[in-house]
Amino acid sequence: MYRKTLLATSLALILFSGCSSKQYYTPEQTYNASSLPMGDKIIFYSRDGATLASGDILTKKQRINLKLDKGFYFINSNKNVAIVANAYGKCNIIGKEGVVDTVQFSQALVAGTVIGKSLVYLLQNNNFGIYDFQKKSIVYSNKGQKALAIDTRIANPLKIDGLVVIPTLDGKLTVLDLKTLKVSKELYVSTESSLNNIIFLGRLNNTLIASTPNRVLSISNKGKKELNSGISEVVIDNKDIFVFAKDGQVLKLDESLSIQSEKKFKFAHFSVATVYNDSVYALDKQGYLIVSNKSFSQYRVYKVEEVEDYAFISNGKLYYNQQVIDLNRLTYK
């Protein structure tokens with residue numbers, strides 16, 4: 001009996017110690033920010049968009065009335081079409097007139113980009129390849145290593161001239177020649193055992209920028225540069241790269257990942273972040289919305305609701321907790 005009591009007491013102390021040791025961002029001064037009811041709810045979000053309960057979608061630039069069928073979620077879009085998929089491997093390509101193509105994969109589609117008459121795809125089991133809409137078949141396929149756990153912000157394939165860069169769930173980039181369908185290069189951004197998928201893939205001039213939750217990599221003809229840190233978000237804005245780290249640090253970098261400016265918001269845990277209209281916005285999970293200039297020399301912190309669910313920023317509006325905050329109404333001055 002004594003041993004059971006001692007064990008229970010020890011476990012309680014460990015649990016209490018673990019909970020009490022967790023620290024949170026506590027700004028010295030805060031301002032109020034108003035919000036409006038969203039009239040909808042985010043039920044799924046990815047690297048480039050969010051799916052709403054109504055069937056509408058949010059992209060980085062706009063809200064689109066797609067009226068998706070039940071069970072379908074948004075993956076990616078370009079000027080002409082949107083890619084949507086469900087959990088059973090079905091993928092629809094939607095144009096202005098509705099569904100223009102349908103593909104049935106063996107696993108759920110988690111990332112994809114339409115390039116010409118082809119869909120460059122990545123599946124839930126880390127299989128990836130190219131589906132040709134005219135031939136109605138897969139013309140290239142490959143497979144990455146098994147991924148134990150993934151971050152849902154999965155980066156989509158990126159076309160660069162005659163190549164496509166395919167980010168996989170095991171932290172690898174496969175560069176494929178679109179004409180020959182041959183691999184021209186493969187490289188790992190990081191090699192962690194879990195939560196190691198590519199969560200950001202972009203281009204700055206002639207430099208490729210990629211990130212997993214553990215590392216940011218810059219690749220150019222001058223070589224590779226890397227930044228090792230827990231990564232919450234990466235944003236490319238004009239000639240700058242903004243990295244929001246899991247320890248509350250925000251970095252402004254150039255394309256070689258050299259630090260231009262930095263600021264640490266101690267213990268902040270960012271749920272979502274962006275750069276919009278020459279201002280930096282970062283939402284801490286406890287409900288503190290940081291608004292700063294790009295050099296971080298001026299900033300304000302607005303108190304809003306604690307983040308309870310998905311959050312997404314579209315065209316200067318922050319959507320979360322079924323509320324909308326207009327970022328245009330907030331200032332760092």
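Everything numeric here is computed off the predicted structure, so don't read it as measured data. Scope of the values below: all heavy atoms of this structure, side chains included, with no hydrogens, waters or symmetry mates.
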Checking side-chain contact (heavy atoms from CB on, under 4.5 Å) for the pair Asn293/Ser297: CA distance, chi angles, key distance, verdict? CA-CA 7 Å; Asn293 62 357; Ser297 60; 2.9 Å; yes
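- Between Asp254 and Lys239, no side-chain nitrogen of the basic residue sits less than 4.0 Å from a carboxylate oxygen of the acidic one, so the salt-bridge criterion is not met.
- Summarising the geometry, atom OH belonging to Tyr45 is positioned 15.0 Å from atom OH belonging to Tyr73; distances are rounded to the nearest 0.5 Å.
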From CA spacing to verdict: side-chain hydrogen bond (donor to acceptor under 3.5 Å, both in side chains), Glu255, Asn205: CA-CA 8 Å; Glu255 59 188 279; Asn205 299 321; 3.0 Å; yes
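- A cation-pi arrangement, defined by a distance under 6.0 Å to the six-membered ring centre and an angle within 45 degrees of its axis, is present between Lys303 and Tyr288.
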Criterion side-chain contact (heavy atoms from CB on, under 4.5 Å) on Leu178 and Lys159, from CA distance to verdict: CA-CA 9 Å; Leu178 288 168; Lys159 183 179 183 296; 4.1 Å; yes
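- Here the two rings, on Tyr121 and Phe105, have centers that are under 6.0 Å apart.
- When all heavy atoms of Ser229 and Ala245 are compared, the pair lying nearest together is OG-CB, 3.7 Å.
- Annotation for Leu217 and Glu226: closest pair CD1-CB, 3.9 Å, computed over non-hydrogen atoms.
- Atoms CG and CG, on Asp161 and Asn206 in that order, are 8.5 Å from each other to the nearest 0.5 Å.
- Taking the side chain as every heavy atom from C-beta outward, Val243 and Leu227 approach each other to under 4.5 Å.
- The number of heavy atoms from other shown groups lying within 6.0 Å of CG (Asn32) does not exceed 12.
- Classified by interplanar angle (parallel below 30°, tilted 30° to 60°, perpendicular above 60°), the ring pair Phe265/Tyr299 is perpendicular.
- In summary, Asp170 and Lys172 do not engage in a salt bridge, as defined by a charged side-chain N under 4.0 Å from a carboxylate O.
- Aromatic ring pairs are classed by plane angle as parallel below 30°, tilted from 30° to 60° and perpendicular above 60°; the pair Phe128 and Tyr140 is tilted.
- Looking at Asn214 and Thr212, their side chains come closer than 4.5 Å, going by heavy atoms from C-beta outward.
- Separating the OG atom in Ser35 from the CG atom in Leu289 is a distance of 11.0 Å, to the nearest 0.5 Å.
- With respect to Glu305 and Lys285, no salt bridge is recorded, no charged nitrogen being found less than 4.0 Å from a carboxylate O.
- The side-chain contact (heavy atoms from CB on, under 4.5 Å) test with Tyr281 singles out one residue from Ile325, Leu327, Val235, and that residue is Leu327.
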Passes side-chain contact (heavy atoms from CB on, under 4.5 Å), Ile209 versus Val216? Steps please. CA-CA 7 Å; Ile209 306 297; Val216 181; 4.1 Å; yes
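- Residues Val250 and Ile290 have side chains not in contact (no heavy-atom distance under 4.5 Å, counting atoms from C-beta outward).
- Note that Arg300 lies outside the cation-pi zone of Tyr332, set by a 6.0 Å cut-off to the ring centre and a 45° limit from the axis.
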When you look at Asp240 and Lys294, which way does the salt bridge (Lys or Arg N to Asp or Glu O under 4.0 Å) test go after all the steps? CA-CA 10 Å; Asp240 301 312; Lys294 290 184 180 180; 5.2 Å; no
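- The main-chain N or O of Arg153 is found under 3.5 Å from a side-chain atom of Asp151 such that the two form a donor-acceptor pair.
- Note that CG of Leu201 is 5.0 Å distant from CG of Leu158, once rounded to the nearest 0.5 Å.
- The shortest side-chain heavy-atom distance between Val307 and Val272 does not fall under the 4.5 Å cut-off.
- In this structure, Phe244 and Phe270 have perpendicular ring planes: the angle between them is above 60°, well past the 30° mark.
- Here Lys266 does not pair with Asp247 in a salt bridge; the nearest charged N to carboxylate O distance is not below 4.0 Å.
- Counted by atom type alone, Asn127 and Asn142 present zero donor-acceptor pairs between their side chains at under 3.5 Å.
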Test Tyr131 against Phe133 for ring-ring contact (aromatic ring centres under 6.0 Å, His included), laying out the working first. CA-CA 6 Å; Tyr131 179 90; Phe133 292 118; 5.6 Å; yes
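- More than 12 heavy atoms of other residues, nucleotides or ligands shown are found within 6.0 angstrom of CG on Asn328.
- Atoms NZ and CE, on Lys317 and Met38 in that order, are 12.0 Å from each other to the nearest 0.5 Å.
- The OG1 atom of Thr168 sits 9.0 Å away from the CD atom of Glu186 when rounded to the nearest 0.5 Å.
- Counting heavy atoms of neighbouring residues, nucleotides and ligands inside a 6.0 Å radius, atom OH of Tyr188 exceeds 12 of them.
- Here Asp56 pairs with Arg63 in a salt bridge; the nearest charged N to carboxylate O distance falls below 4.0 Å.
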CA sep, side-chain torsions, deciding dist, call: Asp309, Ile42, side-chain contact (heavy atoms from CB on, under 4.5 Å): CA-CA 8 Å; Asp309 212 332; Ile42 299 174; over 6 Å; no
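- With contacts defined as side-chain heavy-atom distances shorter than 4.5 Å, the pair Ile130/Leu176 qualifies.
- Counted within 6.0 Å of NZ on Lys60, heavy atoms from surrounding residues, nucleotides or ligands total more than 12; the atom is thus considered enclosed.
- Residues in residues 101-117 take part in these side chain to side chain donor-acceptor pair (under 3.5 Å) pairs, two or more places apart or across chains: Asn76-Thr113, Asn92-Thr102, Asp101-Lys136.
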